[in-house]
Amino acid sequence: QVQLVESGGGLVQPGGSLRLSCAASGFPFDWYPIGWFRQAPGKEREAVACISHSGGSTYYADSVKGRFTISRDNTKNTVYLQMNSLKPGDTAAYYCATPDETIAGCSLSRYNYDYWGQGTQVTVSS
């Protein structure tokens with residue numbers, strides 16, 4: 001069974017940092033890309049970042065470029081999202097996802113993903 005479990009969310013002040021983790025199991029992790037997405041109340045789920053199977057390619061939404069960093073450790077079956085300089089607009093539930101079929105590189109389209117974690121809440125507030 002494919003499983004993705006996010007952790008690391010919480011309450012942080014503007015300008016602060018958090019590191020999210022996505023622990024994967026049930027599939028050959030190092031063959032698949034991983035995406036991070038987020039969804040705030042009343043808004044559509046939007047892409048944050050993605051990383052290719054080897055970690056050689058990464059892509060970011062314009063809203064987080066320069067502030068967030070995606071990485072992966074294939075020996076631990078874990079993907080990370082380091083979030084710095086957090087803003088109130090970053091408040092959302094954050095999800096990691098992987099496709100049913102492996103794809104070269106990675107995609108920032110949520111429609112290319114088939115398996116999703118349950119999410120971890122990030123709240124940025126003073």
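Model, not experiment: these values are computed from the prediction.
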Legend entry - Test: Lys65 and Asp62 ion pair at under 4.0 Å: yes
Legend entry - Cationic N near anionic O, under 4.0 Å, Glu46 to Arg110: no
Inset, instruction - Identify whether NZ of Lys or CZ of Arg in Arg38 sits under 6.0 Å from the centre of the six-membered ring of Tyr95 and within 45° of that ring's axis. - result: no
Legend entry - Donor-acceptor under 3.5 Å (Gln13 side chain, Ser125 main chain): no
Legend entry - Heavy-atom donor-acceptor pair, Asp114 side chain to Asp100 backbone, under 3.5 Å: yes
Is any side-chain heavy atom of [Y] closer than 4.5 Å to one of [X]?
X      : Y      : value
Pro99  : Asn112 : no
Tyr60  : Thr69  : yes
Cys106 : Tyr59  : yes
Pro88  : Pro14  : yes
Met83  : Arg67  : no

Name the atoms and distances for all side-chain donor-acceptor pairs under 3.5 Å in residues 18-35, with sequence neighbours left out.
none

Legend entry - Gap between atom CD of Gln82 and atom OG of Ser71 - 0.5 Å precision: 8.0 Å
Inset, instruction - State yes or no: are the ring centers of Phe37 and Trp116 separated by less than 6.0 Å? - result: yes
Inset, instruction - Would you please say whether a donor-acceptor pair under 3.5 Å links the side chains of Arg72 and Asn74? - result: yes
Inset, instruction - State whether a side-chain donor-acceptor pair under 3.5 Å links Asp73 with Thr78. - result: no
Legend entry - Shortest non-hydrogen separation from Cys96 to Glu6 and the atoms involved: N-OE2, 2.8 Å
Inset, instruction - Of all the heavy-atom pairs spanning Tyr113 and Cys50, show the shortest one and how long it is. - result: OH-CB, 3.8 Å
Legend entry - Worked check of side chain to side chain contact (heavy atoms under 4.5 Å, CB included) between Ser7 and Thr120: CA-CA 6 Å; Ser7 62; Thr120 185; 5.6 Å; no
Is there a path of hydrophobic side-chain contacts, each under 4.5 Å between heavy atoms of I, L, V, M, F, W or Y residues, that connects [X] with [Y]?
X      : Y      : value
Leu108 : Ile103 : no
Leu4   : Leu81  : yes
Tyr80  : Val122 : no

Legend entry - side-chain hydrogen bond (donor to acceptor under 3.5 Å, both in side chains) partners for Asn77, two or more places apart: none
Inset, instruction - With side chain to side chain contact (heavy atoms under 4.5 Å, CB included) as the test, would you mind laying out the steps for Phe68 and Asn84 before giving the verdict? - result: CA-CA 6 Å; Phe68 291 10; Asn84 299 327; over 6 Å; no
